[in-house]
Peer 1: 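Right, I'll just put the structure down here and ask away after.
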Amino acid sequence: MNTRASNGLHDAPASVPAAWTDSSFASLLREHPTLQGLLRYLPADPATPVFEGQGALDALQSSYKCRGYGHIFYALVRLLKPTRCVEIGLLQGFSLLTVASALRDNAAGTIHGFDLFDAYPYRHADERQVSAQIEASGLGRWIGLHTADVFQVHRQFDSVDYLHVDVSNTGDTYRRIFKQWSDKVTQVMLFEGGSADRDEVAWMRQYDKAPIVPALDDLQRTYHGWTISVLQPFPSLTVALNRTALAVPDRS
């Protein structure tokens, strides 16, 4: 379900800064003081492990790794303490296992991971590989693995606390997911992408996909119960927070 090329931690120069040193992360914290607690879980160097088993995850493919986005997933779950989590689009399970590690360390919660696996014709997750990685990590107690299309998963849940969507995201993906999930997610929705650079990747241009940046403007105007921020370092990460559940002020 993910067509991006790998941009893993070990493929990047040692000097690549962490996403949380970027001005977009500072803006996120200024807008949402509730998230200041994330700093307790974020190291100075994105290559520094902060939880048990993190070193093993560095071998997995994920474009999130080079800027340390895995640390941000871990920190969000440690801080917000969601117990009902869903991830759609798994590749090799990097973010799935990172969130499961945070649930383990919180001593509560489960994450259900969904993918089309072999039914997706492009670059996709291997169910046997992901299952083996879950077993090797000892995190099976906190993870459920399922096969489903991205736009059908919402039918299986009345309410979740945390949703992460990392498929071949486009502006149309964002719009459909918000329509399906905005009344179901109590805390946070995360989406791969959201920056102008991400809208310019080759496959988006080649197949004339709807850009994400204009979609975000539309969503913020439409879904007043949500506040939307984008962490800009590539591949970028959109963070949508439920205003009511997280006491996020309306600054419009």
Side-chain angles (χ1 to χ4, degrees), residues 28-29 32-42 49-54 56-57 62 64 69-91 93-115 125 130-131 133-148 150-167 177-178 180-192 223 225-229 231 237-248:
L28 176 70
L29 298 191
H32 312 303
T34 302
L35 300 184
Q36 289 284 342
L38 294 174
L39 297 173
R40 296 199 304 269
Y41 303 102
L42 297 172
V50 297
F51 60 85
E52 179 187 349
Q54 186 174 1
L57 301 188
S62 175
Y64 284 131
Y69 278 108
H71 288 279
I72 293 176
F73 298 136
Y74 179 82
L76 272 170
V77 174
R78 292 287 277 138
L79 177 67
L80 300 180
K81 294 180 170 50
T83 58
R84 299 161 297 178
C85 305
V86 170
E87 178 167 325
I88 306 174
L90 305 180
L91 196 55
F94 174 77
S95 50
L96 178 79
L97 291 162
T98 298
V99 170
S101 298
L103 296 173
R104 174 200 63 201
D105 295 345
N106 285 344
T110 56
I111 181 165
H112 292 274
F114 293 84
D115 205 292
V130 175
S131 296
Q133 196 68 44
I134 292 170
E135 182 177 358
S137 70
L139 293 169
R141 173 182 172 186
W142 291 274
I143 299 174
L145 204 59
H146 315 275
T147 302
V150 56
F151 299 119
Q152 301 302 318
V153 176
H154 71 286
R155 300 177 186 277
Q156 302 188 35
F157 297 92
D158 293 325
S159 175
V160 302
D161 303 313
Y162 169 106
L163 174 69
H164 176 205
V165 181
D166 182 13
V167 294
I177 290 295
F178 254 86
Q180 293 174 343
W181 288 92
S182 62
D183 292 334
K184 294 176 181 279
V185 181
T186 67
Q187 293 183 336
V188 61
M189 289 191 280
L190 303 174
F191 296 80
E192 181 271 337
Y223 294 90
W226 291 85
T227 181
I228 300 172
S229 303
L231 300 183
L237 181 72
T238 295
V239 181
L241 297 168
N242 186 314
R243 292 186 190 276
T244 303
L246 300 178
V248 177

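Values below: all heavy atoms of this structure, side chains included; hydrogens, waters and symmetry mates excluded.
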Peer 1: Is the gap between the ring centers of F94 and F73 under 6.0 Å?
Peer 2: no
Peer 1: Is it the case that the side chain of D166 and the backbone of L90 share a donor-acceptor pair, with hydrogens and angles ignored and the cut-off at 3.5 Å?
Peer 2: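 Judged by distance alone, no pair lies under 3.5 Å.
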Peer 1: Is the closest side-chain heavy-atom distance between L96 and I143 below 4.5 Å?
Peer 2: yes
Peer 1: Taking the six-membered ring for Trp, are Y41 and H71 closer than 6.0 Å centroid to centroid?
Peer 2: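 Between Y41 and H71, the centre distance exceeds or equals 6.0 Å.
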Peer 1: Applying salt bridge (charged side-chain N to carboxylate O under 4.0 Å, His left out), name anything that partners R84, two or more places apart in sequence or on another chain.
Peer 2: D161
Peer 1: May I ask you to decide if the ring planes of F178 and W226 are parallel, tilted or perpendicular, using 30° and 60° as cut-offs?
Peer 2: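 Ring orientation, 0 to 90° scale: perpendicular.
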Peer 1: Output yes when a side-chain donor or acceptor of K81 lies under 3.5 Å from a complementary backbone atom of N106, and no otherwise.
Peer 2: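 Not confirmed, K81 side chain does not pair with N106 backbone.
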Peer 1: Please name the residue in the list V185, V165, I111, V153 that meets the side-chain contact (heavy atoms from CB on, under 4.5 Å) test with V86.
Peer 2: V153
Peer 1: Judged by atom type as modelled, is there a donor-acceptor pair below 3.5 Å linking the side chain of Q152 to the main-chain atoms of A148?
Peer 2: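 No, the answer is negative, given that no donor and acceptor are paired below the 3.5 Å cut-off.
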Peer 1: Should the ring pair H112 and F114 be called parallel, tilted or perpendicular, given that the plane angle runs from 0 to 90° and is split at 30 and 60?
Peer 2: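 Taking F114 first and then H112, their aromatic rings sit tilted (interplane angle of 30° to 60°).
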Peer 1: Taking the side chain from N242 and the backbone from T244, do they hold a donor-acceptor pair closer than 3.5 Å?
Peer 2: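 Yes: the side chain of N242 pairs with the backbone of T244.
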Peer 1: Between Q187 (side chain only) and L80 (backbone N and O only), is there a donor and an acceptor less than 3.5 Å apart?
Peer 2: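 Present.
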